[in-house]
Amino acid sequence: MTVRVRFAPSPTGIPHVGNIRTALFNWLFARHEGGSFVLRIEDTDQTRLVPGALDAIIDSLRWLGLDWDEGPEVDGPYGPYHQSQRLEHYRRAAEGLIAKDAAYRCYCSPERLEQVRAEQARRKEPPRYDRRCRNLNEDDRAQEEAKGTVPVVRFKTPLSGREEFDDIVRGHVVFENETLDDFIIVKSDGFPTYHLANVVDDHLMEITHVLRAEEWLPSTPRHLLLYDALGYAAPQFVHLPMILGSDRAKLSKRHGAVSLLEYRRQGYLPEAMFNFLGLLGWSLDDRTEIISREEFIRYFSLERIVKNPAIFDVEKLTWMNGVYVRALSPERLAELLIERLEEDLPPDVPRPLDRDYVLRIVPLVQERIKRLDEAAVLTVFFFVEGPLEYPPELLLGKRFAGKRDEARRALESATSRLPAVDRWEHDALEGALRPLAEELGLKAGDLFMLVRVAVTGQTATPPLFETMEVLGRERCLARLDDALHRLT
RNA sequence: GCCCCCAUCGUCUAGUGGCCUAGGACGCCACCCUUUCAAGGUGGAAACGGGGAUUCGAUUUCCCCUGGGGGCACCA
């Protein structure tokens with residue numbers, strides 16, 4: 001039997017890293033097994049649809065390279081892949097259950113249900129449907145129908161017995177039926193609930209393994225009951241550990257950056273995110289951190305999925321992203337940087353950026369940025385034309401604090417010495433300034449810092465002489481001159 | 001309140017009865033390299049929640065407790 005798995009998001013929000021990790025594990029399992037990865041959209045709640053959510057889902061998956069074999073935009077033999085287009089299947093299934101007396105119509109109003117729950121809460125009882133409509137007779141039903149009450153359909157849960165199954169990561173799990181209630185399978189608007197639609201589709205689409213987040217574990221007995229009542233064979237269940245926020249609670253917008261696309265915006269690379277997410281709840285061995293997509297596919301196994309929840313640690317993601325940034329080819333990094341810088345640089349910097357120029361900057365920043373969005377601050381001075389903006393005190397720094405004259409003299413010497421450098425290249429520049437420091441009785445670093453600020457307006461920059469080389473003679477001398485004026 | 005799951009450094013994890021004086025990684029600290037910032041190198045601090053039981057021997061098996069998480073909708 002070939003493996004068929006699915007990722008079944010509902011378009012009710014932007015997918016967060018936990019959702020996508022679930023997609024990733026499904027995808028990895030399918031690719032490892034040579035099976036199929038299905039994308040199914042669970043849009044059965046018409047009231048909660050969020051515009052743009054579907055695009056965000058597709059965007060997120062594509063960004064990580066999680067391609068699906070069947071689903072939206074990819075026709076397959078089991079379509080359609082939007083549940084809202086499969087209502088007939090659910091309706092038929094529900095009717096079959098009613099006919100078999102495995103389900104029944106319930107006419108209780110939401111208000112009454114609310115009351116029941118409130119009452120149960122008061123008595124510290126578990127909130128459950130009190131099964132009032134479970135045994136309605138023909139007359140009762142006719143009466144309700146006559147009143148025009150639109151019913152829901154509830155599953156007739158056995159009052160005793162138990163549901164058990166072997167979860168691939170959890171092991172043997174048992175639920176007593178008496179702790180379950182008669183859950184709704186068709187809402188009054190005629191749409192199925194998750195439970196029904198999910199079971200019907202997983203069966204119809206011949207899904208072999210259900211990999212989903214652990215939050216679904218408690219509803220698995222309901223699904224088992226449905227599979228059984230419908231006469232379907234249940235798939236293998238694989239409940240994945242949750243990904244929690246730093247407060248150990250379920251991920252929500254409350255946790256700041258949680259959406260995958262938000263990380264993309266911050267300048268994380270898809271290959272780093274892929275690697276990081278793949279290691280949240282799964283590991284290859286006791287030492288491997290950097291794993292390529294091919295290796296993930298080759299080695300991924302359900303057996304090595306961990307049971308305990310994981311906290312999403314951005315710090316480690318950021319480190320890993322740095323590893324991937326450094327591994328990029330200069331050409332690729334230049335490409336990414338151009339796109340990014342054109343976005344982030346001040347508006348007066350002319351676009352488009354010159355590719356060859358950026359290519360010269362790349363080696364200076366590659367090992368200094370962990371995220372793409374750090375590039376702009378680190379490189380603005382390469383792009384702005386006029387005088388730099390920085391407070392004069394920055395020139396003085398710690399070394400020349402209160403010694404303005406000394407700083408000015410040093411800078412003057414440097415400024416007058418530099419024009420004589422015939423080749424404006426880093427080694428020649430260093431060859432001019434390093435001896436000068438000694439002549440002036442200054443530590444090389446102190447003189448260099450003075451020049452660095454004059455030329456870049458910043459105290460943290462790529463190596464000074466390489467930077468000056470890229471900036472070019474004219475711009476450097478003009479900035480040196482400008483700095484001198486600020487000191488007088 | 002009821003049900004279910006989980007439990008190794010702050011975090012991600014290795015570990016499946018003796019190989020553990022518990023390994024790796026991020027982060028943190030120190031030192032080295034160094035013109036700043038990084039990157040890199042070296043070293044360091046840092047964990048088996050508690051109690052029973054099984055066993056010659058438990059991080060590893062079982063039970064209880066505690067702690068954490070999840071679920072209990074006409075949401076998925």
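In what follows, every chain begins at residue 1, and chains take the letters A, B, ... in the order their sequences are listed. Everything quoted here is computed from the prediction, not taken from an experiment. In what follows, every heavy atom counts, from backbone to side chain, and hydrogens, waters and symmetry copies are set aside.
With a 3.5 Å ceiling on both atom-pair distances, the Watson-Crick or G-U wobble partner of C31(B) is G41(B). Across every strand in view, C2(B) sits in a pair with G71(B) that passes the Watson-Crick or G-U test at under 3.5 angstrom. A47(B) is unpaired under the Watson-Crick or G-U wobble criterion, no partner having all donor-acceptor distances under 3.5 Å. Shown here, A25(B) forms a base pair with U11(B); the pair counts as Watson-Crick or G-U wobble because both key distances fall under 3.5 Å.
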Is there a side chain to side chain donor-acceptor pair (under 3.5 Å) between Tyr104(A) and Asp182(A)? Walk through the geometry before answering. CA-CA 9 Å; Tyr104(A) 60 91; Asp182(A) 292 354; 2.6 Å; yes

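Using a 4.0 Å heavy-atom cutoff across all strands shown, Lys250(A) reaches sugar-phosphate atoms only and no base atom. Using a 4.0 Å heavy-atom distance criterion, Arg304(A) is classed as a sugar-phosphate-only contact. When heavy atoms are screened at a 4.0 angstrom cut-off, Thr44(A) is found touching the sugar-phosphate backbone but no base atom. Residue Glu214(A) is in base contact, counting any heavy-atom pair closer than 4.0 Å across all strands shown. Using a 4.0 Å heavy-atom criterion, one finds that Arg117(A) contacts the sugar-phosphate atoms exclusively. Nucleic acid contact for Ala249(A): sugar-phosphate only, since backbone atoms but no base atoms lie under 4.0 Å from a heavy atom of the residue. Counting any heavy atom pair closer than 4.0 Å across all strands shown, Gly281(A) reaches sugar-phosphate atoms only and no base atom. Within the nucleic acid shown, Val173(A) comes within 4.0 Å of sugar-phosphate atoms alone, with no base atom in reach, counting heavy atoms only.
When the C1' atom of U13(B) is taken as reference, atom CZ of Phe276(A) falls 12 Å away, rounded to whole Å. For the pair Leu225(A) CG and C3(B) P, the computed distance is 18 Å after rounding to whole Å. The distance from atom CG of Leu284(A) to atom P of A25(B) is 15 Å, rounded to the nearest whole Å. Distance Leu277(A) CG to U13(B) P: 12 Å, rounded to the nearest Å. The interatomic distance linking Glu119(A) (CD) with G1(B) (C1') rounds to 14 Å, in whole Å. Between the P atom of U13(B) and the CD1 atom of Ile305(A) lies a distance of 12 Å, rounded to the nearest Å. Computed from coordinates, the Tyr104(A) OH to C74(B) P distance equals 12 Å when rounded to whole Å. Atom-to-atom, CE of Met242(A) to C1' of G71(B) comes out at 10 Å; the value is rounded to the nearest Å.
Taking atom C1' in both G49(B) and G69(B), one finds a spacing of 16 Å when rounded to whole Å. When the P atom is compared between U11(B) and C28(B), the two are found 16 Å apart, to the nearest whole Å. Nucleotides C29(B) and A46(B) place their C1' atoms 11 Å apart, quoted to the nearest Å. Taking atom C1' on both nucleotides, C6(B) is separated from G44(B) by 32 Å, rounded to a whole Å. Nucleotides G41(B) and U34(B), compared at atom C1', are 13 Å apart to the nearest Å. Spacing of P atoms, U60(B) relative to U8(B), comes out at 12 Å, to the nearest Å. Comparing G15(B) with A22(B), their C1' atoms sit 8 Å apart, to the nearest whole Å. Between the P atoms of G43(B) and C5(B), the separation comes to 44 Å (whole Å).
Inspection of the Thr318(A) and Asn321(A) side chains reveals no N or O donor paired with an N or O acceptor under 3.5 Å. Side-chain atoms of His82(A) and Asp43(A) form no donor-acceptor pair, as typed in the model, at a separation below 3.5 Å. Counted by atom type alone, Thr415(A) and Arg479(A) present zero donor-acceptor pairs between their side chains at under 3.5 Å.
Between A76(B), C72(B), C6(B), one nucleotide has an atom nearer to the side chain of Pro127(A) than all others, and that is C72(B). Listed candidates were A76(B), C3(B), C12(B). Nearest to the side chain of Phe175(A) is C3(B). Which of G24(B), G70(B), U11(B) sits closest to the side chain of Glu289(A) comes down to G24(B). Nearest nucleotide to the Lys307(A) side chain, out of A25(B), G24(B), A7(B): A7(B). Of the candidates C74(B), A39(B), U11(B), U11(B) carries the atom nearest the Arg248(A) side chain, counting heavy atoms from C-beta on. Nearest to the side chain of Asp45(A), among A73(B), A76(B), C12(B), sits A76(B). Taking the side chain of Ser10(A) as heavy atoms from C-beta on, and the options A76(B), G24(B), U8(B), the nearest nucleotide is A76(B). In the set A76(B), C12(B), C74(B), the nucleotide with an atom closest to the side chain of Leu113(A) is C74(B). Listed nucleotides: A25(B), C5(B), G23(B). Nearest to the side chain of Asp286(A): G23(B). For Val306(A), counting side-chain heavy atoms from C-beta on, the closest listed nucleotide (A76(B), G24(B), A14(B)) is A14(B).
Aromatic rings of Phe25(A) and Trp282(A) (six-membered ring for Trp) have centroids beyond the 6.0 Å cut-off, not under it. When ring centroids are compared, Tyr268(A) and Tyr324(A) stay outside the 6.0 Å threshold. For Trp216(A) and Tyr194(A), the ring centers sit closer than 6.0 Å to each other. A ring-centre distance under 6.0 Å is found for Phe276(A) and Phe312(A).
In the region residues 160-169 of chain A, proximity to RNA chain B at under 4.0 angstrom, judged on heavy atoms, holds for none of the residues. Shown for residues 183-190 of chain A: residues whose heavy atoms fall under 4.0 angstrom of RNA chain B, namely Ile184(A), Lys187(A), Ser188(A).
Nearest-nucleotide positions on RNA chain B place Val174(A) closer to the 5' end than the other of Pro110(A) and Val174(A). Where Thr179(A) and Pro241(A) meet RNA chain B, the nucleotide closest to each residue was compared, and Thr179(A) sits on the side nearer the 5' end.
For the salt bridge (Lys or Arg N to Asp or Glu O under 4.0 Å) test, residues two or more places apart in sequence or in another chain that qualify with Arg141(A) are Glu138(A).
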Kindly give the atom pairs (protein nitrogen or oxygen, nucleotide nitrogen or oxygen) under 3.5 Å for nucleotides 59-66 of chain B.
none

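A donor and an acceptor atom never sit less than 3.5 Å apart when one is taken from the side chain of Glu215(A) and the other from the base of G69(B).
In this pair, Phe155(A) and Phe183(A) present their aromatic rings parallel. The plane angle is below 30°, not in the 30 to 60° band.
The backbone N or O of Asn198(A) lies less than 3.5 Å from no partner atom in the side chain of Asp201(A), so there is not a single donor-acceptor pair.
Residues Arg131(A) and Asp181(A) are not paired through a salt bridge, judged by the lack of any N-O separation under 4.0 Å between the basic side chain and the carboxylate.
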Could you write nucleotides 28-36 of chain B as a row of B, S and -, 5' to 3', where a protein heavy atom under 4.0 Å of any base atom gives B, of only sugar-phosphate atoms gives S, and otherwise -? -------BB

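For residues 436-451 of chain A, the side chain to side chain donor-acceptor pair (under 3.5 Å) pairs, not counting sequence neighbours, are Arg399(A)-Asp446(A), Arg417(A)-Glu439(A).
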